Each structure stands twice: as structure tokens, then as C-alpha cells.
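The chains referred to below are lettered A, B, ... by the order of the sequence lines, with proteins before strands, and numbering in each begins at 1. Keep in mind the model is a prediction, meaning the values are calculated, not measured.
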Amino acid sequence: MFKFLKRLFKGENGVRVRIAPSPTGYLHIGTARTALFNYIFAKKYGGKFILRIEDTDLERSDKKYEKDIIENLKWLGLDWDEGPYRQSERLNIYEKYLNKLLKEKKAYWCPHTKEELEEERNGQIANKTVLIHKCDARDKDLSRGELIRFKIPKAKPVISGNETIYPADSIIFNDIIRSQVHFFTDPIGDFALAKNISTPLYNFAVVIDDYEMKISHVIRGEDHIANTPKQILIQRALNFSTPQYAHLPLILDPDRSKMSKRHSATSIEEYQKQGYLPETLVNFMALLGWHPSDNKEKMSLPEIIQCFDIKRIQKGGAIFDVQKLDWLNSQYIKKYDNEALLKLIKQLPDFEIAANDSQLLKIINYGKERAATLKNFQAIADSYTRLNDYKSEMLLWKNTGAKNTKENLRKTKEILFVILEREFNKSGSEKYLMPLADSQGRGEVLWPLRVALTGRDKSPGPFEIIDVLGKEESLKRINMAIEKLSNLII
RNA sequence: GGCCUUAUCGUCUAGUGGCCUAGGACAUCGCCUUCUCAAGGCGGGAACAUGGGUUCGAUUCCCAUUAAGGCUACCA
């Protein structure tokens, strides 16, 4: 009953959207965001999210990229309901429609070679005219040639008086985000549909697949706006209905150009390796060009789906701001489960730390307040466990002398000995050491203690470090410091 | 060159003709907290691209200019 009502409301097939990456590179952040918006839209309206691998370009496509795309889509939690379909496995379908178009003279074989095309093009650049191929074979119905082109239909001439007027033909489509977009067909030119009968090109394969897969909404990047009239032209020639279009604004580099490898990390995997959580990336990507009606910014995927409204998607491109990404990630890390963080950190490439799991868990517990990325835990863990080489003078707080400092460290050691067998942890050490610090001056006691434990002028607090290091190592380092101070006194 | 798109703090954005002295977040700066560094709390500075209209009234509507970006393949 519910399903029936839903179908009634959404039309025959309901909402069906797709993400159509081409496996010519690792999962790009832009592709991932497009996938995210499609996913959100599908879930919001109880529709289906379809994965289609667009691998018609055999030379540039690679299985390793396909694998990366699939793995990282899953990592982000963007699971698809159908697919993956592969265009390379659907060649006979395209062939069927290509033959139909050829037979109905809506497409034709173009006999011109790459070289001839280039020459024509160079001439057009020199003359500053529109860059399109004007084929002298468009009505010759050749049975073969260099490639198959779409024959752009000419508007019917209008005769007024003794004048014949050729009206400009135009394509107007409704974009959910941008409202009406208008194109004249003339400057489009007879574009290529396929290299040959069994090698379709992008614009053609997309139209066929979207029709065959009953795609209701095409949500994709703004860089496809110019392709849309071509695709609509093919749909009309084949008597297909036109899906709803929504063109997302681009993700930009700080110089406002389309986000590219030259300026930033563009693949999802790179962000994963740097220690960003999938929750962060999903949240952040959703906020790039979209905003809920309230001011809420930290949102889980279900929450985003809940309040998502496609009409609120921005028209202008959005710069990818790593600083805000870092902040968001730090917010998620703070709330994350310690055990889960431990697992993730150990999976990080190049993560090396001289500490056991229970120490690491303590470090995570204390250190997650200061981490922006998982990778930061390397430096954080070091600051807890690794003793830096340091000059004896560093032990002196402001203008406290070596003698007093040594005395304070000695007293500190004594107190630590008292709690050796019982509360040798953060709260215990703090409880017993703070009275001394308060009576002798906090800086006078705590500063040398912290330097003794770390050899650093900047570090986490001494009680946390004592907890991580344990009694043996802590006392060893304090003894070392006392020795250093003795040398200073002599 | 042609076509298309876009235009609010440095950045992401709120805003759909009067609620705007333009709100929030990141970043930045200051203060508090504090043994240091972070984290946290409080506060400050910071924007409607320009010029014309329309209107009693424009950030908001229209036009132009400017600027930025995208597309212009036998890539997708």
C-alpha cells in the first residue's frame, strides 16, 4: 500500500539517480561529492542510487582505478542499490541505437581524418570563428568513415513575403538549481557520437544508459552544462524522455579554478591516508555548495538526508578550505570512540610508535583533544613518549636557580615514590603533587617536571605523561634531570 | 574567438523588497583559563563588485559593465 502511494506520487519508476565515474583516475573529491548528493537525493525520496562505470575510453580506463573508486565510495558509506554497470559490457546496446540513428539518417559517417579536422580547426582559430566541424558528407549517407556524427536538425525555414528566414533553433532545459538554461543549436555543430559502431563516445553512451536505466534525475557537475543540449538532441532523435537536470557548482582551488592535482590533494584516498574520517569528508562535502536552513554545520549523513533540500544548493563554485576541513575533523575525532581510533591509527601508513596498546589508548584518550587528523597522532604520541635531547638550562623555570629546581625535582620524586604502588596515574599524581606545586609555585615544580619527562618546552601536561610513561620510565627521566642539574650546580 | 554559468566578510554561507545597524561557522586578532603547547570559554575586526533603472523603499527584481570560472576532443 505504501509502495503504491509512493509510486503514485513519484511517477512510474520513482526517483532513480546515478553516479557515473570514469575509471581514468582515483576517486576524485568532486566525483565523490556528486555521488554524495545523488545518494542523499535518492535516500531522501526513497529512490534508487545506481553506480555506472563509464569505461568507453579503453585506452585511459584502468581496472585499478575502478577498484579504487568502488572501495572509496564504500569507505564513505555511499553504497549503491544497483550496479556497478560497465559501459564496456553494454556495447551491443549502443550499437543497436547507433544503427537506428544511422538508418533514420539522424547520424552519419564522417569521412574526415583527425589531420583534416585539425587543419579545419586551426583555420577557424585563425579566423576567430566558431570551432565546429562543417561536414560535406552529412547528407551523403556513407556506409562507413572515420567516425559517426550526430546530424543536428535544422529548423524549418519560414517564408515571409519573398524572403526565406532560417530561424535559430534552440534548446531550453530546466535545471533544478539554475532554472532555465538556453542554448542555440547552431554553434554546437555535428558532434561525434562514436568512433565506430562498437565504440560509443561519452555523450551518446550517457543518453542511452540514462534511458535504459530509467534515470529520473541527472545530478552532476556544472562542467556538464554544455553537454546537456547535445544529450537532449540525442534524446529527441531517439524519442526518449528527458530526465530532470541539476548541475552542481564546482569545487574550486584557492585560486578559484576547478580543483586539480596541481594545487591540492584531489583523491579521496589521499584524504583517507592523511587521517580524515569518512564522517568528516561526507559532512564537509555536503557543506560545499549546500547549507541547511538552520545554522547547523556538524551533521551525520542521516541528519543531512533528513533536512536536505536540493533547491538550497548554491549556484557559484566553492573553494575547498582545508582549514575548515581540519576543524571539522578535529570535532569528529574528539567525539570518536578510543578503541575505534586505535584501530584506525594502526592502519595508517608509516605510523611508528614505541608504545604498547594500553599506552596508545591513553595517548589517544588525552591526545584526541589536540588532533586535527589521525596523522597528527604520530607527533602527539611522540610528545608523550619520546624524550628529546635537551640542555640542562631548559629545566629552569624563569629565573629559578638550579639548586631550587633540583630540590623541587627531588621532592617530586619523593612524592612519586609514595604513590608508587597505588595511584601512579594521572589523578593520583596530580592529587599528591599539586600541594607541593601550590606551595613552591606551580611553575617552579611543574615546568621542570614536564621538561624532565619530555625534554620539550611545549608538550602535554606532566600528569598525563606520567600516566602514559608509567613509574619506571618516569622516575628514570626525573633522575636523569636531577643529574643534569647537579652538573649545572658545579 | 564563440557559447554557457556565476558574483554577500580572507573562506563556506544566512538572506527571496521594509525584520539588515547584513546573521552563523572556519580562519584571524584580543582577553580569560593556564607550568608550556593545545583544547575550551568570552569578545573584537572583517562583506552586499560597479553603474544605471523599477519602487515610497533595494543585498534582494531588471539591464549594462566588470571580474571569475566552465565548455568548446575520435576524454568523461
Quiz item: In whole Å, what is the span from the CZ atom of A:R220 to the P atom of B:rC4?
Solution: 18 Å
Practice problem: Send over the distance from A:E297 CD to B:rG23 C1', rounded to a whole Å. | Solution: 12 Å
Quiz item: If we take the C1' atom in both B:rG69 and B:rC31, what is their distance in whole Å?
Solution: 42 Å
Quiz prompt | Validation row, ring centre A:F37 to ring centre A:H217 under 6.0 Å | solution = no
Quiz item: Which one is paired to B:rC31, where only Watson-Crick or G-U wobble pairs with both distances under 3.5 angstrom count?
Solution: B:rG41
Self-check item: Any strand: nucleotide that pairs with B:rU36 via Watson-Crick or wobble, under 3.5 Å
Solution: none
Quiz item: Base, sugar-phosphate alone, or nothing: which one does A:H247 contact when heavy atoms must sit under 4.0 Å apart?
Solution: nothing
Self-check item: Rounded distance in Å between the P positions of B:rG45 and B:rG30
Solution: 15 Å
Practice problem: Take atom C1' in B:rA38 and the same atom in B:rG44, then report the distance between them in whole Å. | Solution: 23 Å
Quiz item: Just how far, in rounded Å, is P of B:rU36 from CG of A:L396?
Solution: 16 Å
Exercise. Rounded to the nearest angstrom, tell me the gap between atom CG in A:D223 and atom P in B:rU72.
Key: 9 Å
Quiz item: Quantified in whole Å, what is the C1' atom distance between nucleotide B:rA46 and nucleotide B:rU28?
Solution: 9 Å
Quiz item: In the structure shown, which nucleotide is the Watson-Crick or G-U wobble counterpart of B:rA73, with both distances under 3.5 Å?
Solution: none
Quiz item: Does the ring centre of A:Y336 sit less than 6.0 Å away from the ring centre of A:F377?
Solution: no
Quiz item: Across all strands shown, which nucleotide pairs with B:rA46 by Watson-Crick or G-U wobble geometry, both distances under 3.5 Å?
Solution: none
Quiz item: Applying the salt bridge (Lys or Arg N to Asp or Glu O under 4.0 Å) test to A:D190, which of A:R138, A:K106, A:K151, A:R149 qualifies?
Solution: A:R138
Exercise. May I ask you to say what A:R52 touches in the nucleic acid, namely base, sugar-phosphate or nothing, with a heavy-atom cut-off under 4.0 Å?
Key: nothing
Quiz prompt | Any-strand Watson-Crick or G-U partner of B:rU59, both distances under 3.5 Å | solution = none
Quiz item: Expressed in angstrom and rounded to an integer, what is the separation of A:H263 atom NE2 from B:rG69 atom C1'?
Solution: 14 Å
Exercise. Please measure how far the C1' atom in B:rG24 lies from the corresponding atom in B:rU8, and state the result in whole Å.
Key: 13 Å
Exercise. Rounded to the nearest angstrom, tell me the gap between atom CZ in A:F191 and atom P in B:rU72.
Key: 13 Å
Quiz item: Reckon A:S330 touches a base, only the sugar-phosphate, or nothing at all at heavy-atom distances under 4.0 Å?
Solution: nothing
Practice problem: For B:rG10, give its Watson-Crick or G-U wobble partner with both distances under 3.5 Å, or none. | Solution: B:rC26
Self-check item: is_close_aromatic(A:Y97, A:F240), centroid dist under 6.0 Å
Solution: yes
Self-check item: Pairwise P distance for B:rA49 and B:rC9, with rounding to whole Å
Solution: 7 Å
Exercise. Look through every strand shown and name the nucleotide pairing with B:rC19 as Watson-Crick or G-U wobble, where both distances are under 3.5 Å.
Key: none
Practice problem: In whole angstrom, give me the gap between the C1' atoms of B:rU16 and B:rG70. | Solution: 27 Å
Quiz prompt | Whole-angstrom distance between B:rG41 and B:rG51, as gauged at atom P | solution = 41 Å
Quiz item: Which whole-number value in Å describes the distance from A:I380 CD1 to B:rA39 C1'?
Solution: 11 Å
Practice problem: Check every strand shown and say whether A:S459 touches a base, only sugar-phosphate, or nothing at a heavy-atom separation below 4.0 Å. | Solution: base
Practice problem: Using a 4.0 Å heavy-atom cut-off across all strands, classify A:H133 as base, sugar-phosphate, or nothing. | Solution: nothing
Quiz item: Rounding to a whole Å, what distance do you find between A:L248:CG and B:rG69:C1'?
Solution: 16 Å
